[in-house]
Amino acid sequence: MTPTNHVDLTAIMTALGGRQAMQDVLGVGASAISNYVARGSVPTHVRSKLYNALTARGYQVRLDDLSIICGPDAATSPAAKPMILLIIGGGIAAYKALETARQMQRLGLDVTGVMTKSAGQFITPLSVAALTNQKCYDDLFSLTDEAEMGHIRLARSADLVLVMPATANLMARAASGLADDLATTILLATTAPILMAPAMNPAMWAHPATVANLEVLRQRGVHMIGPTEGDTACGEIGSGRMSEPADIAAAAFELAVKRPQTLAGKTAIVTAGPTVEPIDSVRFIANHSSGKQGYAIAALLAARGASVTLISGPVTLPAPAGVKRVSVQTAAQMQAAVNAALPADIAICAAAVADWRVAEARHAKLKKPDHQNAAGMQLTLIENPDILASLGQSDQRPKLLIGFAAETEDVLENATAKRSRKQCDWMIANQVGAADDPVFGSDQNHIMLISETAVETWPRMLKTELADKLAERITMEFLT
Ligand code: PMT
C-alpha cells in the first residue's frame, strides 16, 4: 500500500458530510483538501484518519483504496440486512427469544421467527410476528406456507439460524438428523451457520446423552453460546441457564454479518488452547484453556480475508470456517508447528503454553511410592521453549507480534514487563483465575491492550466481540 494509491475523495467527502466535515476530521484547512482532491491521493496518516472516521460512522471501507463497500444505511435497507431465522424451542426461556429478537433488530438484523410445537406452550406466534414484523412459521405442512415460502427456501434465505432455547430434546433431534417438524427440517436444510443457545435443567445438561449430542453438533460446526451457571427455571443451581439476550444477539451479529475483506493477502498464525505435557503414559500437566479466545481470533481474522493457520492444543472446538488448523499436544510440538507456518505477517499467541514439562516422561504408568518410603513423589521439571519470545527474536519475526498475558495479580505491571521481555508489539493482559470470572473457559473476557506507547482498557465483552475488535485494530495497524 503506498500513499500514491488513488482515493475517491469526493465520495469520502460526501460520506463524511461535506468539505468542512472533512477538514474537521483531518484538522487541515481548505487548501490541503483541494490539494488532496487534485492529486486524487492522500498521505498515509491522512488515510488512517479517514478510515477511522468512516468506520466510526458505520461505513464499511476497503483498506487499500478507502472505497466504500456499504454505508450505515445498509442496516436500514431491507435488501442488505442480514436475516436471522430464529428457531424458538419449547422451554421456559422461550420468552427471552422476544427480547433477543428486539436486540438483534437494534443491531440492524432482520429476524424471522420459527416456533416448535412446544414453544407454543410458552409464547404465541402472534407475539413473535408482531415483534419481528414477519410471519412466524410453525407448521411444516402448512400448504399456504409451502406455496408462499417452502421450508427449503426458508432455510436457505437465512444468513444465520439461531436456536433458542436449544432444549435437550431439540439438540438430540438435531444431532440425530431428524426432520420431523419445521424447526428440525430447517436445521437439516440450511447451509447458513447455526448458533444454539442451550437451556435446560443442570442434570439434563450434564447427562452423557446431552454431552454426546453437544459433541456431535460441535463437530459439525454448530456454534454454541452458553449455557451459564446460575439459578435455572426448575429451581436447581448449576450449568444450564440460557445466556442473556444481549450476549446471544451479539454472538448472532458476529456470525451473520459479513466483514469487509480488509486483511485479504495477509497471513496470520494464531496459537490457542492449552498444551498438554505428559508425566507418564496416562497422566499429564495441562491447564483450563478452552481455546475459545484463540479460535474466535482465528475466525475473525479469516472473516476479514486473512489466510490463517491456527495451531491448537487439545480442545473440543470445531475448526473455524476458512482456517487451517494444526493440532498439537505439547509446547515443543506447538513451537515446531509455529516455525513451520512462518513467514507470516501477523502472529497472535493466545495459547496457554505450559511453562514446564517433565524431564523424563515415563512410557509406562508411574507406580505410587511404597508406604515405608512415602516421602512423596518428586518430578523433575524442565523449562519449555518460549514460543512467543522466540518469535520476537526470529529472523522471520512477523510484522505484528501479539501475546496474551494471563495474570492473577499486578496485571498491568506484569504484562508490561512480559511485553518487553518477549519483544512483542502488543501484549493483551487478561486477569484470570477469579472464582466468579476465571476467563479460562468462559465466553467473555476483559483486557488491556499494552503497546510500547499506550495502554487501552477494553470493556468486558464476548470473546467473539473482542476478537472482532482486535481484527479491526490489526487492520488499522497495517493501514498506518
Ligand atoms: O482458551 P480460553 O479458555 O478462551 O482462555 C483464554 C486465555 C486465558 C488462555 C487467553 O486469553 C490467554 O491469556 N492466553 C495466554 C495464556 C498464557 O500462557 O499466558 P502467559 O502469561 O503464561 O504467557 C504470555 C505469553 O507467552 C502468551 O502469549 C503465551 O502464549 C506465550 N508463551 C508462554 C509460555 C511459553 N512457553 N511459550 C509461549 O509462547
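Here the structure is a predicted model, which means the values were calculated and not measured. Atoms within a ligand are numbered from 1 in the order they appear, just like the ligands themselves.
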Problem set entry | Distance (rounded to the nearest 0.5 Å) between Leu131 CG and Gln105 CD | 5.5 Å
Problem set entry | Donor-acceptor side-chain pairing of Tyr295 and Ser312 below 3.5 angstrom | yes
Problem set entry | Contact with ligand 1 for Gly291, non-hydrogen, under 4.0 angstrom | yes
Exercise. Any nitrogen or oxygen of Met427, main chain or side chain, under 3.5 Å from a nitrogen or oxygen of ligand 1?
Worked result: no
Problem set entry | For atom 18 (O) of ligand 1, closest protein heavy-atom neighbour | Ala352 CA, 3.4 Å
For this session: Would you mind finding which of Asp443, Asp386, Leu466 brings a heavy atom closest to atom 38 (C) of ligand 1?
Result: Asp386
Exercise. When you measure from atom 19 (O) of ligand 1 to every protein heavy atom, which one gives the shortest distance, and what is it?
Worked result: Ala406 N, 3.4 Å
Seminar exercise, completed: Arg357 and Pro385 have their tightest heavy-atom pair at NH1-CD, 3.9 Å
Exercise. Is it the side chain (CB and beyond), the backbone, both or neither of Ala350 that lies under 4.0 Å from ligand 1, heavy atoms counted?
Worked result: backbone
Problem set entry | Validation row: Val161, Leu86 side chains within 4.5 angstrom (heavy atoms) | no
Exercise. Going by distance only, is there an N or O of Asn384 that falls short of 3.5 Å from an N or O of ligand 1?
Worked result: no
Exercise. Does Ser442, backbone or side chain, put an N or O under 3.5 Å from an N or O of ligand 1?
Worked result: no
For this session: Just jot down the side chain to side chain contact (heavy atoms under 4.5 Å, CB included) partners of Ala251, sequence neighbours excluded, or say none.
Result: Leu195, Ile225, Leu462
For this session: For ligand 1, find out whether one of its N or O atoms is nearer than 3.5 Å to an N or O atom of His288.
Result: no
Problem set entry | Atoms of ligand 1 close to Ala405 [distance to a heavy atom under 4.0 angstrom, numbered from 1] | 21 (O)
Problem set entry | Closest candidate by heavy atom, reference atom 6 (C) of ligand 1, pool Met334, Lys292, Gln293, Gln444 | Gln293
For this session: Would you please say whether a donor-acceptor pair under 3.5 Å links the side chains of Asn201 and Glu236?
Result: yes
Problem set entry | Separation of Lys418 NZ from Gln423 CD (nearest 0.5 Å) | 16.0 Å
For this session: Starting from atom 30 (O) of ligand 1, find the nearest protein heavy-atom neighbour and note its residue, name and distance.
Result: Ala351 O, 2.7 Å
Problem set entry | Thr475 and Glu477: side chain donor to acceptor below 3.5 Å | no
Exercise. Which residue holds the protein heavy atom closest to atom 13 (O) of ligand 1, what is that atom called, and what is the gap in Å?
Worked result: Asn430 ND2, 2.9 Å
Exercise. Can the positive tip of Arg473 be found less than 6.0 Å from the middle of the six-membered ring of Trp426, inside 45° of the ring normal?
Worked result: yes
For this session: Give the single entry among Tyr295, Phe404, Trp356, Phe440 that approaches atom 25 (C) of ligand 1 most closely by any heavy atom.
Result: Phe404
Exercise. So, Arg419 and Asp425, do they make that salt bridge, N to O below 4.0 Å?
Worked result: no
For this session: For Asp280, check side chain to side chain donor-acceptor pair (under 3.5 Å) against everything at least two apart and list the hits.
Result: Arg283
Exercise. Is a side-chain donor-acceptor pair under 3.5 Å present for Asn384 with Asp355?
Worked result: no
Seminar exercise, completed: of all protein heavy atoms, closest to atom 5 (O) of ligand 1 is Lys463 NZ, 3.6 Å
Exercise. Of all the atoms in ligand 1, which lie at a distance below 4.0 Å from a heavy atom belonging to Ile387?
Worked result: 37 (N), 38 (C), 39 (O)
Problem set entry | Geometric N/O contact Gly273 with ligand 1, under 3.5 angstrom | no
Seminar exercise, completed: In this structure, atom 20 (P) of ligand 1 is nearest to the protein heavy atom Lys418 NZ, 3.6 Å
Problem set entry | Shortest protein contact, atom 1 (O) of ligand 1 (heavy atom only) | Ser289 OG, 2.6 Å
Exercise. If you measure only the distance, is there a donor-acceptor pair under 3.5 Å linking the side chains of Glu360 and Thr380?
Worked result: no
For this session: For ligand 1, indicate whether the residue Pro385 contacts it via side chain, backbone, both or neither (heavy-atom separation under 4.0 Å).
Result: backbone
Exercise. Short list, please: which atoms of ligand 1 are under 4.0 Å from a heavy atom of Gly403?
Worked result: 28 (O)
For this session: Determine whether Leu412 and Met448 make a side-chain contact, defined as any pair of heavy atoms from C-beta on separated by less than 4.5 Å.
Result: yes
For this session: Run down the list Ile297, Leu388, Thr271, Asn287 and name the one with the heavy atom closest to atom 39 (O) of ligand 1.
Result: Leu388
Problem set entry | Minimum-distance protein heavy atom relative to atom 33 (C) of ligand 1 | Lys422 NZ, 3.5 Å
Problem set entry | N/O separation below 3.5 Å, Cys349 to ligand 1 | yes
